[in-house]
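Any value given below was found using the heavy atoms of this structure, including those in side chains, with hydrogens, waters and symmetry copies removed.
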Amino acid sequence: MTELSSMKNIGKELERKLKIIGINTAEELRQVGSKNAFFKLKMRFPEVCLVHLYTLEGAITNTDFNKLSEDTKKDLKKFSDEWK
């Protein structure tokens, strides 16, 4: 089992929040996916924003969140906008 904090973009605070919603390992995050993890975070922590979704996607794809493709960012923004 791989620690969440070993993933790109995942700091201690996001790791703490992920564990609170039941995502405890990198493998679990990959299995759940960025959108589902974001949804769960948003339900528990309403202040979670689009940057968190980018961060989760970047962690799963091992990409700096600010280097995600424009198509990926557009898709994630559309998803995020549904939960405002």
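- Listed for the Thr55 side chain is a donor-acceptor partner under 3.5 Å among the backbone atoms of Val51.
- The heavy-atom pair separating Arg44 from Ile21 by the smallest distance is CB-CG2, 3.9 Å.
- With sequence neighbours excluded, the residues forming a side-chain contact (heavy atoms from CB on, under 4.5 Å) with Thr61 are Glu57, Thr63, Leu68, listed by chain and number.
- To the nearest 0.5 Å, atom CG of residue Leu4 and atom CG of residue Leu14 are 8.0 Å apart.
- Asn24 pairs by the side chain to side chain donor-acceptor pair (under 3.5 Å) definition with nothing, not counting sequence neighbours.
- What you find for Ser80 and Leu50 is that their closest heavy atoms are CB-CD1, 3.7 Å.
- In terms of the salt bridge (Lys or Arg N to Asp or Glu O under 4.0 Å) criterion, Lys40 has no residue partners (sequence neighbours excluded).
- Between Val32 and Ala37, the shortest heavy-atom contact is CG1-N, 3.5 Å.
- Looking at every heavy atom in both residues, Phe79 comes nearest to Leu53 through CD2-CD2, 3.9 Å.
- Atom NZ of Lys74 has 12 or fewer heavy atoms from other residues, nucleotides or ligands within 6.0 Å.
- Between Leu29 atom CG and Thr2 atom OG1 the span is 11.0 Å, to the nearest 0.5 Å.
- A distance of 4.5 Å separates CD1 of Ile60 from OG of Ser34, quoted to the nearest 0.5 Å.
- Taken from SG in Cys49 to OH in Tyr54, the straight-line distance is 10.0 Å, to the nearest 0.5 Å.
- Here Val48 pairs with Phe38, Leu41, Lys42, Phe45, His52 under the side-chain contact (heavy atoms from CB on, under 4.5 Å) rule; sequence neighbours left out.
- Contact of the Leu56 side chain with the Leu18 side chain is registered, since non-hydrogen atoms from C-beta on lie closer than 4.5 Å.
- With Asp75 contributing its side chain and Asp71 its backbone, the two residues share no donor-acceptor pair below 3.5 Å.
- Sorted by first and then second residue, the salt bridge (Lys or Arg N to Asp or Glu O under 4.0 Å) pairs with a member in residues 18-30 read Glu3-Lys19, Glu15-Lys19; sequence neighbours excluded.
- Remark: Glu13 engages Arg16, Lys17 in a side-chain contact (heavy atoms from CB on, under 4.5 Å) (not counting sequence neighbours).
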